[in-house]
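Only this structure's heavy atoms are used, side chains among them; waters, hydrogens and symmetry mates stay out. If you read the sequence from its start, that first residue is 1, and numbering goes on from there. Every number for a ligand or one of its atoms is a count from 1 in the order of the listing.
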Amino acid sequence: MRQWNSWGDSATSMAIAPTAQEFLQQLLGVATPLPDATLEEVKARVPASRLPSNPMIHTDAETRIRHARGQSLPDWLAMRSGEFGVFPDGVAFPTSSAEVAELLALARKENWTVIPYGGGTSVVGHINPLEDARPILTLSLARLNHLIRMDHSAQLATIGAGVCGPELEALLKPHGYTLGHFPQSFELSTLGGWIASRSSGQQSLQYGRIEQLFAGGKIETLNGTLDIPTMPASSAGPDIRELIMGSEGRFGVITEAIVRVSRLPEREEFRVYFLPDFASAEAAVREIAQQKLPVSMLRVSNAEETRTQLILAGHKLAIAGLEKMLRWRGAADGKCMLTVGFTGSQGKVRYAITEINRVLKQYDAVATGRTLGNRWQANRFRAPYLREALWKLGYAVDTLETAVDWPRVTSYTRDVELALRTALTAEAEPVLAFSHLSHLYAQGSSIYTTYVFRVGKDYAETLARWHRLKASASKEILKHGGTISHQHGVGRDHAAYLPAEKGEQGMAVLRALAQHFDPDGRLNPGKLLLD
Ligand SMILES: Cc1cc2nc3c(=O)[nH]c(=O)nc-3n(C[C@H](O)[C@H](O)[C@H](O)COP(=O)(O)OP(=O)(O)OC[C@H]3O[C@@H](n4cnc5c(N)ncnc54)[C@H](O)[C@@H]3O)c2cc1C
């Protein structure tokens with residue numbers, strides 16, 4: 001069963017190896033975990049619903065709690081402390097576009113606000129209800145999860161937008177297809193959420209971001225239905241799909257999405273290499289991206305992330321053996337781990353492996369064979385469960401990401417980590433920060449940074465620490481000309497930074513669109529644009 005106050009399924013967990021615990025204690029100090037509120041305690045705090053009784057709307061406390069928060073660190077702190085703040089007044093689970101339209105019409109007539117809800121995996125406060133005098137209806141798309149049409153000749157699948165990652169792949173597999181969209185949140189996040197927040201999957205190098213996969217579909221708006229037809233390409237003015245991608249539930253509810261699917265690959269494998277330092281690792285992956293070599297994934301951990309990953313892996317003896325072999329072959333302190341995905345026909349994969357080995361040899365990379373790659377593949381969607389294990393030890397973990405052009409990759413990575421490591425210096429709290437490059441382009445790269453710190457003496461102090469950390473990192477993103485988000489979107493947490501990226505004219509266009517679709521600020525108010 002899905003956890004009500006943390007990530008994922010209650011039957012799955014990840015343990016922290018004793019060596020990793022020692023490492024954290026040495027680096028950050030021994031921590032004292034904060035007490036968790038129970039579901040029963042939180043249920044008792046849910047206020048009466050302001051929505052009238054309606055067979056389509058659930059107003060029981062537990063359903064409202066389970067749809068009140070996403071997965072950002074502030075969300076996590078709210079759920080664990082039981083201090084949720086605002087709850088939705090009710091949750092509806094429509095089963096068709098017509099029911100979504102009916103609920104939107106009701107919201108308009110009765111003066112409710114509506115929050116479209118996919119998998120609730122947002123890490124930037126997208127789906128959190130905010131204080132509002134109007135009743136708040138959260139609209140879960142979970143029951144819109146069917147394959148509606150499969151067009152084999154155009155390789156287009158029409159699917160209900162509430163389908164989550166595993167359901168979607170299970171629908172496509174019997175037809176011989178994959179969408180190839182694998183965000184780390186794959187287990188719970190949904191097709192509609194990916195589109196509405198411009199998501200990127202781990203193998204975007206081969207399959208593209210959601211922008212390349214979303215071909216058209218049906219959007220129920222407060223003004224009626226918006227149908228976006230599919231075309232392979234068009235020069236007929238601005239693309240309406242672009243208005244919907246990244247609209248974060250502000251312009252309408254995506255009920256059906258038509259996506260470009262690919263044939264299931266004949267062969268897929270992941271291999272791990274080590275490079276002597278970050279400069280050579282960065283130069284190597286830039287070369288691979290700019291040569292457009294046919295790999296499905298490149299992921300380079302910097303030296304700090306490599307060191308941390310190897311410690312977290314546990315298996316002390318095996319890792320010591322690996323370290324010895326790497327040192328002997330020239331990848332010692334400062335080494336960087338590179339994971340490469342090879343996906344496609346037998347011939348394509350063979351060619352890609354030969355070419356990658358050729359390029360990497362020029363940068364003194366050490367190949368380690370398949371074991372570490374297999375391990376990465378087996379655990380690729382399990383890493384989020386580590387947050388729970390860390391939490392129980394008294395450590396909070398969060399991530400942030402951006403994308404910059406190649407000339408700024410090294411300086412940004414250095415500066416953001418320094419900003420995080422020193423953000424809590426005034427209270428003498430060390431912070432562990434490390435990064436990887438995971439979505440690579442000929443022009444530049446995304447940079448994904450993880451940071452770990454001790455929880456404070458109470459929830460308020462922990463949240464205050466997070467605010468300081470987030471503000472220092474966001475300042476570095478702006479200073480280096482990065483986007484405030486490469487893949488997580490804007491939501492509430494990034495909304496104040498959006499004008500710096502879009503400019504005055506850009507913001508005016510976005511506001512005009514919101515005014516067109518939703519003049520009363522009824523759909524997901526306060527997200528994307530600060531109302
Ligand atoms: C552990 C973890 C790992 C993650 N890894 C990745 C990653 O690798 N790549 C990545 O891109 N993101 C990642 N994310 C972020 C998150 O999963 C994405 O933002 C995802 O796209 C959100 O999808 P969702 O279905 O959960 O949407 P929700 O969180 O439910 O909603 C997100 C936004 O989309 C809107 N929305 C949802 N469905 C619809 C719809 N049908 N119509 C209109 N609006 C809608 C909501 O109103 C909200 O504004 C991760 C998050 C977590 C917690």
Within the 6.0 Å centroid threshold, strictly below: H181 and Y207: no
Main-chain N/O of H516 paired with N223 side-chain donor or acceptor, under 3.5 Å: yes
More than 12 heavy atoms from other groups under 6.0 Å of CD on Q443: no
Identity of the nearest option to atom 5 (N) of ligand 1, non-hydrogen atoms only, from E187, H486, Q184: Q184
Protein residue, atom and distance nearest to atom 28 (P) of ligand 1, heavy-atom basis: G120 N, 3.6 Å
Whether F270 and W376 hold their rings parallel, tilted or perpendicular, with breakpoints at 30° and 60°: tilted
Non-hydrogen side-chain atoms of R387 and S6 separated by less than 4.5 Å: no
Side chain, backbone, both or neither: I254 near ligand 1, heavy atoms under 4.0 Å: both
Part of V123 with heavy atoms under 4.0 Å of ligand 1, whether side chain, backbone, both or neither: side chain
Interfacing atoms of ligand 1 (cut-off 4.0 Å, heavy-atom, G192): 38 (N), 39 (C), 41 (N)
Heavy atom of the protein closest to atom 27 (O) of ligand 1 (residue, atom name, distance): G193 CA, 3.6 Å
For Q71, atoms of ligand 1 separated by under 4.0 Å from a heavy atom: 53 (C)
Ligand 1 contact on T121 by region, counting heavy-atom pairs under 4.0 Å: both
Nearest-neighbour protein heavy atom for atom 45 (C) of ligand 1, which is reported as residue plus atom name and distance: A196 CB, 3.5 Å
Backbone of R209 reached by a side-chain donor or acceptor of Q212 within 3.5 Å: yes
Atoms in ligand 1 flagged as close to L141, the criterion being non-hydrogen separation under 4.0 Å: 41 (N)
